[in-house]
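Please read the structure below before turning to the comments.
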There are 2 protein chains.
Amino acid sequence: MQLTKGVEQGICIIVLLATQESSAPLASDEISRRLGVSPSYMKKITRKLVVQGVVVSVPGNNGGISLAKAATDITLLDVIEAMEGPIRMYPDTGLISLAFHEGRYAQKGQELLRSVFSQGDRLLVEYFSKVTAADLLKEGLGMSDLPTLNWNRETLSDVLDKEQDDFK
Amino acid sequence: MQLTKGVEQGICIIVLLATQESSAPLASDEISRRLGVSPSYMKKITRKLVVQGVVVSVPGNNGGISLAKAATDITLLDVIEAMEGPIRMYPDTGLISLAFHEGRYAQKGQELLRSVFSQGDRLLVEYFSKVTAADLLKEGLGMSDLPTLNWNRETLSDVLDKEQDDFK
DNA sequence: TTCTAATTGGATATATAATATCCATAATGG
DNA sequence: CCATTATGGATATTATATATCCAATTAGAA
């Protein structure tokens with residue numbers, strides 16, 4: 001019942017991209033350094049986000065990945081499904097049918113369980129589809145308008161400090 | 001994000017016990033035959049249900065396991081937690097802290113994610129704690145008063161057929 | 001055009017957890 | 001005492017997640 005580590009990594013990637021200058025795609029090699037995994041592995045992870053349609057990629061020189069849409073339109077569900085596929089809690093191995101093979105109630109019981117668990121699935125889908133990347137950033141940073149920077153050079157703190165200075 | 005096969009096995013066990021004559025404990029060896037696993041493995045599974053407090057066991061001759069409480073008081077959450085422990089979706093490896101190490105927002109972001117996911121956990125707990133074994137049996141069998149039988153000898157269909165005949 | 005930097009995709013290794021079994025021990029009823 | 005059953009430890013097997021390497025492709029820049 002635990003989400004995979006990939007979900008956590010995916011969230012980090014989205015956060016990085018959401019605060020990245022839109023003009024400059026972020027190279028997955030850079031992300032891999034930051035998250036402490038190999039460049040080749042990070043490419044596998046980012047690829048999943050591309051396939052899901054949350055991220056777009058451009059190969060070649062000065063290439064990399066960037067968000068495919070606004071942070072307000074990217075949800076936690078997107079990230080989870082990118083990494084794990086559709087949410088399906090029930091491990092449907094047909095055991096009910098096997099166990100109660102002789103009885104005519106096996107089929108009915110099997111269907112009942114499926115519907116009970118898929119109702120649970122729906123609860124999660126509903127919940128996670130309402131949590132957007134923008135929500136996370138807003139609450140996490142305590143500000144509504146996102147700062148943008150180039151993660152290849154700067155850190156988030158640098159930018160936030162600078163803005164604070166401007167405010168004074 | 002999938003529940004383990006053990007949950008499905010646990011559900012089958014509860015269903016068997018719920019329709020078992022209360023006077024006669026059901027031997028786990030009998031259950032193992034029905035679910036198609038080895039007796040030794042089945043004992044591991046049933047043990048989890050005992051530890052969780054949904055099932056009681058008596059060793060020795062004519063021993064076995066039986067429900068520790070009424071089917072109306074046994075929930076899907078009980079079975080799930082017996083098999084997998086508390087529901088915790090978030091794979092908290094501290095990656096956020098690692099990735100945004102330099103920034104002062106890492107801590108805040110980490111806590112935010114934890115709370116977001118534990119809210120998801122609560123949704124599931126709430127839902128699964130409301131689905132009882134009695135609900136499953138009632139809907140699965142289409143009747144409210146549960147038939148009881150001895151699974152060592154009979155099958156569920158036998159009993160239900162018999163009752164149907166009585167009704168005529 | 002050629003070089004470099006980047007994604008893509010296939011093959012594969014490693015780690016971890018789930019699944020499963022065996023065996024020795026303890027407990028219970030006849 | 002004997003047969004039967006649960007308990008607990010050790011361990012094997014399988015599946016999945018995690019991770020890496022390498023060859024191929026694509027795009028921009030010199």
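Bear in mind the structure is a predicted one, so any value in this text is a computation, not a measurement.
Here the C1' atom of nucleotide dA18(C) and the CD atom of E8(B) are 14 Å apart, to the nearest Å. In this structure, the CE atom of M42(A) is 10 Å from the P atom of dT20(D), given to the nearest Å. In this structure, I31(B) atom CD1 and dA6(D) atom P are separated by 8 Å, rounded to whole Å. The distance from atom CG of L49(A) to atom C1' of dT7(C) is 14 Å, rounded to the nearest whole Å. For the pair L95(B) CG and dT18(D) P, the interatomic distance rounds to 11 Å; values are reported in whole Å. Straight-line distance from the CD atom of Q9(B) to the C1' atom of dT21(C): 14 Å, rounded to whole Å. Distance D29(A) CG to dT7(C) C1': 10 Å, rounded to the nearest Å.
The NZ atom of K43(B) sits 4.0 Å away from the OG atom of S28(B) when rounded to the nearest 0.5 Å.
In this pair, Y90(A) and F117(A) present their aromatic rings parallel. The plane angle is below 30°, not in the 30 to 60° band.
Using a 4.0 Å cut-off between charged nitrogen and carboxylate oxygen, R114(A) and D92(A) count as a salt-bridge pair. For the pair K130(A) and D135(A), the salt-bridge criterion is not met [side-chain N within less than 4.0 Å of a carboxylate O]. With salt bridges taken as basic N to acidic carboxylate O contacts below 4.0 Å, none links E8(A) and K5(A).
Partner V131(A) forms a side chain to side chain contact (heavy atoms under 4.5 Å, CB included) with one of T75(A), I74(A), L136(A) and no other, that one being L136(A).
Dashed line: the shortest gap from a side-chain N or O of K43(A) to OP1 or OP2 of dA19(D) is not under 4.0 Å. Here R47(A) reaches the OP1 or OP2 of dG9(C): one of its side-chain N or O atoms lies under 4.0 Å away. For dT20(D), the OP1/OP2 oxygens have no side-chain nitrogen or oxygen of S40(A) closer than 4.0 Å.
Within 4.0 Å of S28(A), counting heavy atoms only, lie sugar-phosphate atoms of the nucleic acid but no base atom. Residue E84(B) is out of contact with every strand shown, counting any heavy-atom pair closer than 4.0 Å. Across all strands, Q2(A) comes closer than 4.0 Å to no nucleic acid atom at all (heavy-atom distances).
Under the 3.5 Å distance criterion, the side-chain polar atoms of E84(B) are matched with a main-chain donor or acceptor of T4(B).
Side-chain proximity of K44(A) to dG10(C), dA19(D), dA6(D): nearest is dG10(C). Comparing atom distances between the S38(A) side chain and each of dA19(D), dT7(D), dG9(C) picks out dA19(D) as nearest. Taking every side-chain heavy atom of A27(B) into account, dT5(D) is the closest of dT20(D), dT5(D), dT7(D).
Using a 4.0 Å cut-off on heavy atoms, the residues of residues 54-65 of chain A that approach DNA chain C are S57(A), V58(A), P59(A), G60(A), N61(A), G63(A), G64(A), listed by number.
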